[in-house]
There are 4 protein chains.
Amino acid sequence: MQRIDNFKSIIDRYEIIFFDAFGVLKNYEGLVPGIERTFEYLEKQGKEYYIVTNDASRSPAELAASYHKKGLTVIDPERIISSGMLTKEYLDLKVKDGIVAFLGTPESAHYIDNNGRHTLPVSEVTATNIDKVNALVFMDDEGFNWFEDINKAVNILRKRPIPAIVANTDYAYPLTANDIAVAIGGIANMVESIVGKEFIRFGKPDSQMFMFAYDMIRERRAISKKDIVMVGDTLFTDIMGGNKFGLDTVLVLSGNTLPGDAESNIHSTGIVPTYICHNAVVEDGGFGF
Amino acid sequence: MQRIDNFKSIIDRYEIIFFDAFGVLKNYEGLVPGIERTFEYLEKQGKEYYIVTNDASRSPAELAASYHKKGLTVIDPERIISSGMLTKEYLDLKVKDGIVAFLGTPESAHYIDNNGRHTLPVSEVTATNIDKVNALVFMDDEGFNWFEDINKAVNILRKRPIPAIVANTDYAYPLTANDIAVAIGGIANMVESIVGKEFIRFGKPDSQMFMFAYDMIRERRAISKKDIVMVGDTLFTDIMGGNKFGLDTVLVLSGNTLPGDAESNIHSTGIVPTYICHNAVVEDGGFGF
Amino acid sequence: MQRIDNFKSIIDRYEIIFFDAFGVLKNYEGLVPGIERTFEYLEKQGKEYYIVTNDASRSPAELAASYHKKGLTVIDPERIISSGMLTKEYLDLKVKDGIVAFLGTPESAHYIDNNGRHTLPVSEVTATNIDKVNALVFMDDEGFNWFEDINKAVNILRKRPIPAIVANTDYAYPLTANDIAVAIGGIANMVESIVGKEFIRFGKPDSQMFMFAYDMIRERRAISKKDIVMVGDTLFTDIMGGNKFGLDTVLVLSGNTLPGDAESNIHSTGIVPTYICHNAVVEDGGFGF
Amino acid sequence: MQRIDNFKSIIDRYEIIFFDAFGVLKNYEGLVPGIERTFEYLEKQGKEYYIVTNDASRSPAELAASYHKKGLTVIDPERIISSGMLTKEYLDLKVKDGIVAFLGTPESAHYIDNNGRHTLPVSEVTATNIDKVNALVFMDDEGFNWFEDINKAVNILRKRPIPAIVANTDYAYPLTANDIAVAIGGIANMVESIVGKEFIRFGKPDSQMFMFAYDMIRERRAISKKDIVMVGDTLFTDIMGGNKFGLDTVLVLSGNTLPGDAESNIHSTGIVPTYICHNAVVEDGGFGF
């Protein structure tokens with residue numbers, strides 16, 4: 001039997017907490033019950049916290065607004081680090097002009113737009129403008145016609161020697177208690193194997209996600225990796241990525257990893273969290289599970 | 001410089017010729033010019049021939065009819081061995097009753113139907129009939145709504161411990177001179193990596209395709225593998241599969257393998273054809289290139 | 001709870017039984033206790049049986065002798081189908097002369113020798129004879145210096161456009177109750193990814209293994225796939241391969257698949273055996289649980 | 001025809017230059033001829049430079065000494081960022097005590113040693129001390145018995161739920177003009193696929209290499225990614241990694257990428273360098289090619 005740790009006593013030992021979003025703060029039904037108490041406690045104790053999420057479907061402002069609507073009003077846009085933000089940073093540094101073609105919703109593309117460069121749905125790439133396409137971004141699994149636009153993306157990448165960027169590395173995401181949906185990361189893998197090129201991927205477990213958050217903090221104050229703990233529900237992304245970056249990690253059992261599977265999954269993958277907790281909820285009486 | 005062999009002098013040395021279809025007999029524009037002379041020559045010489053194709057989109061009868069319409073009237077349905085026929089044989093042996101859900105056109109599914117068992121588009125699988133689904137077959141990339149039905153296929157396979165069969169292993173196929181399209185084999189790979197199960201694949205380079213043809217011949221007469229030559233345009237499927245089965249092989253440069261790339265592709269893949277010819281056309285004057 | 005079938009009642013329903021070797025007939029300690037009764041029963045009932053094994057380390061005669069030494073004197077060399085035999089058939093058809101370089105023991109290579117062609121350990125390939133090397137075969141994980149000869153094999157394959165054949169597709173094999181050893185199939189995969197070529201693999205789950213056995217039987221008498229059952233301990237090789245070839249399959253829990261894992265492994269892989277039995281032993285009283 | 005850029009005029013535009021080592025500064029014969037002039041120029045211009053290398057075989061001090069011995073006396077150990085240093089940082093943060101078992105030479109392991117923790121060759125792990133092994137590191141392809149110790153590493157990882165760290169992600173490295181050797185990254189991939197666990201990899205193209213160098217610089221002064229250019233000979237590691245981190249990149253044709261292949265490799269991989277130069281040598285007369 002594995003040991004279950006007390007979540008409150010863990011966060012007492014760190015100055016900064018990184019949270020994954022889905023499976024930790026919310027699930028397909030809404031907020032994880034009681035999670036607002038965790039943020040009350042963090043505020044009261046003066047702990048710094050960030051949401052580090054493989055979600056490029058919306059801007060941080062829209063992501064924060066969606067927490068507010070669910071009742072978690074404390075979440076600021078500045079607290080949210082998404083793989084979409086890394087995509088934007090990459091484009092700002094490397095693709096100064098021309099068209100960035102994308103697969104995804106208009107919302108997902110809007111915030112990667114900038115002055116010299118503009119975003120265009122793959123469906124609107126034509127023989128006339130294809131020569132101005134300087135990057136293709138896989139943003140979100142919704143907002144386009146899969147049959148038409150996946151085939152079109154394949155042919156754009158065969159014709160143009162441009163980078164292909166995957167703004168969300170997840171293969172699938174939970175839709176309901178029983179069903180999952182193919183995520184844009186899964187579609188990007190299929191296209192990559194067909195065109196035979198190397199795509200650029202942003203999102204956990206890649207270190208660049210953690211580095212982006214780490215850099216944001218260090219712009220304001222000195223900090224060590226020892227002072228940060230990453231809380232996630234998925235061994236392969238949250239725990240693997242946090243471990244590799246040198247952070248302590250908490251696996252919570254409120255999402256992708258079922259309580260009965262945690263021990264055998266850890267043994268079979270070799271991905272070992274520093275702690276295991278039932279969830280990321282700080283209990284009223286201070287009993288964290 | 002690589003040596004180019006004379007196609008006519010090659011087929012003179014074998015009793016039985018296996019042809020790939022796309023890139024050898026036909027391309028996106030229609031028949032390969034002059035290919036009808038090859039079949040006239042084969043008929044005159046009393047050579048036996050078969051079309052061995054990763055095409056599960058239609059029955060052999062419909063495939064033969066499509067050659068007739070293009071002007072190659074000599075092709076009999078009995079001469080066509082498709083990966084769809086292996087799928088049918090598998091289902092007949094292993095899935096005796098219930099529903100076979102499929103992704104593809106109605107035509108692609110019709111000929112795998114039988115008495116005890118019936119085929120149903122994935123779109124028509126419901127909470128009511130899902131428990132009767134005993135196999136899921138990836139037949140063709142057309143005839144269904146990609147977004148709806150690929151996601152549905154993922155969830156059927158997560159819920160039911162049933163075999164998933166891929167009736168065409170190709171990842172992509174040529175659509176025009178410049179464009180390709182994602183084939184059902186590419187979609188199947190994406191679904192397989194998401195659900196984490198082992199799919200059953202039929203089609204070259206797998207030996208079972210060649211064995212199926214070889215068995216059909218041996219039902220009528222004794223033959224050795226040394227008497228058969230496989231003609232194809234793709235190193236990875238036609239030549240790899242033919243070689244592994246123990247056949248001599250001819251790479252033709254009228255399809256996937258461009259004349260300028262043949263030598264370097266052979267060296268880099270290690271897939272070595274017995275012969276290389278410009279195409280599979282027997283020239284009038286008997287000069288095969 | 002999964003249903004456990006009676007092994008004796010299963011074999012009563014088939015004319016021909018295919019057995020995997022390791023984990024079914026023997027393990028690291030010797031014969032599976034009681035397995036000799038199974039063969040007595042098969043002989044008494046006039047059932048035909050074959051051992052279908054991914055073992056290219058020795059010839060069928062030597063493999064049979066090793067069963068005799070263990071006390072299973074009924075096993076004839078003609079009853080043994082090994083991936084090494086497919087390798088020999090391939091070489092006989094496709095590599096008529098020159099040198100076949102190999103990684104493995106002298107015993108593993110001896111029986112793929114023939115008149116026009118001879119086998120040579122990779123360690124004995126030199127600048128003088130490398131141009132005569134017409135194939136490289138991965139036979140066995142023993143009999144060579146890993147550091148010297150794996151590196152040498154890599155460089156032979158980079159210099160010569162020749163087929164590389166893997167005579168045993170297994171990645172690893174059990175050595176003791178607690179330890180495994182890297183098999184030649186694992187080494188071959190590493191070399192393949194480094195040289196970037198496509199290797200030819202023989203061994204379950206590939207259909208060619210089953211076809212080879214099926215052909216041997218049909219040389220003597222008419223038979224249908226429905227009359228054959230494959231018995232194995234490994235879902236990915238024995239059961240996957242048997243299913244795909246169209247055979248009914250029995251998973252036994254005396255080897256790679258632990259009794260407590262069978263159900264979840266079947267569900268997670270989607271590889272579904274027709275039957276599950278504790279082992280391949282026919283009990284004295286006829287109760288074969 | 002691709003455009004070839006002038007190396008000197010490129011480095012004039014950046015404040016900081018990152019160099020790959022093998023194929024850029026040195027090759028199997030010694031230093032790249034004329035490379036010392038590049039460093040004289042950098043010193044004269046007051047440019048900052050770093051060597052960013054997937055080499056964990058020795059400490060930065062030993063690596064610097066090897067440049068001095070070759071005649072490039074300007075290279076300081078503080079200028080060298082190796083994947084071995086990331087391995088050390090990981091271990092310092094995440095593996096505080098116990099044994100770190102390793103595959104590699106004693107030199108490769110010495111500098112990852114520290115107070116609470118000590119390194120032990122895999123060959124010296126026994127039934128007595130295995131329970132104290134808290135990590136296994138793949139350091140170098142030399143210094144151990146491949147057959148004995150690779151098999152032992154496999155079994156250690158099957159028994160202990162510990163992280164496996166790959167300190168050099170390269171699959172192979174050039175040994176002479178004609179031969180390559182299997183690198184520890186290739187061996188690690190084989191072991192990973194056999195034990196089925198997720199290994200932690202340090203080295204280009206992973207961002208963490210670049211981040212480590214970037215952080216070292218920022219400890220002393222403010223800098224933007226726009227002021228740095230990465231110079232490398234390998235598309236998949238140097239250019240891919242540099243691009244993804246947001247740096248401008250120079251592909252030099254003095255190592256892995258042959259002049260005649262550059263254009264087609266860039267097109268087929270989709271990995272596009274900002275510049276292409278013959279080599280990283282600043283010419284005497286100021287003409288960089």
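Numbers restart at 1 for each chain; the letters A, B, ... are given by sequence-line order, proteins then strands. Here the structure is a predicted model, which means the values were calculated and not measured. As a basis for the values below, the full set of heavy atoms in this structure was taken, side chains included, without hydrogen atoms, waters or symmetry mates.
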Centroid separation A:Phe245 to D:Tyr90 less than 6.0 Å: no

Ring centres under 6.0 angstrom apart (D:Phe138, D:Phe199): yes

A:Glu89 bridged to A:Lys94 by N-O distance under 4.0 Å: no

Contacts with chain A made by residues 161-169 of chain D (heavy-atom distance under 4.5 Å), listed by residue number: D:Pro161, D:Ile162, D:Pro163

Residues A:Asp170 and A:Lys204 bridged, charged N to O under 4.0 Å: no

Heavy-atom pairs under 4.5 Å with chain D, option from A:Arg201, A:Arg160, A:Met211 with the top count: A:Met211

salt_bridge(A:Arg218, D:Asp215) N-O dist < 4.0 Å: yes

Neighbours of chain A found in residues 231-243 of chain D - heavy atoms under 4.5 Å: D:Phe236, D:Met240, D:Asn243

Residue list, ring-ring contact (aromatic ring centres under 6.0 Å, His included) with D:Phe212, at least two apart or on another chain: none

A:Leu157, part contacting chain D, at a heavy-atom distance under 4.5 Å: neither

Chain A contact via D:Leu91 - side chain, backbone, both or neither, heavy atoms under 4.5 Å: neither

ring-ring contact (aromatic ring centres under 6.0 Å, His included) partners for A:Tyr275, two or more places apart: none

Residue that, paired with A:Thr53, satisfies side chain to side chain contact (heavy atoms under 4.5 Å, CB included) out of A:Pro60, A:Ser83, A:Ser82: A:Ser82

Reported CE-to-CE distance for the pair D:Met230 and D:Met209, which is rounded to 0.5 angstrom: 8.0 Å

Proximal component of A:Asp206, with respect to chain D [non-hydrogen, under 4.5 Å]: side chain

Lys/Arg N to Asp/Glu carboxylate O, D:Lys88 vs D:Asp92, below 4.0 Å: yes

Contact leader toward chain D among A:Ser224, A:Ser268, A:Gly196, where contacts are heavy-atom pairs under 4.5 Å: A:Ser268

D:Asp97/D:Lys132 ion pair, N-O < 4.0 Å: no

Part of A:Thr274 lying under 4.5 Å from any heavy atom of chain D: side chain

Heavy-atom contact with chain D under 4.5 Å, split by part of A:Lys244: both

Inter-residue atom distance A:Leu136.CG - A:Ile99.CD1, 0.5 Å rounding: 11.5 Å

Atom NZ of D:Lys226 with >12 non-hydrogen neighbours under 6.0 angstrom: no

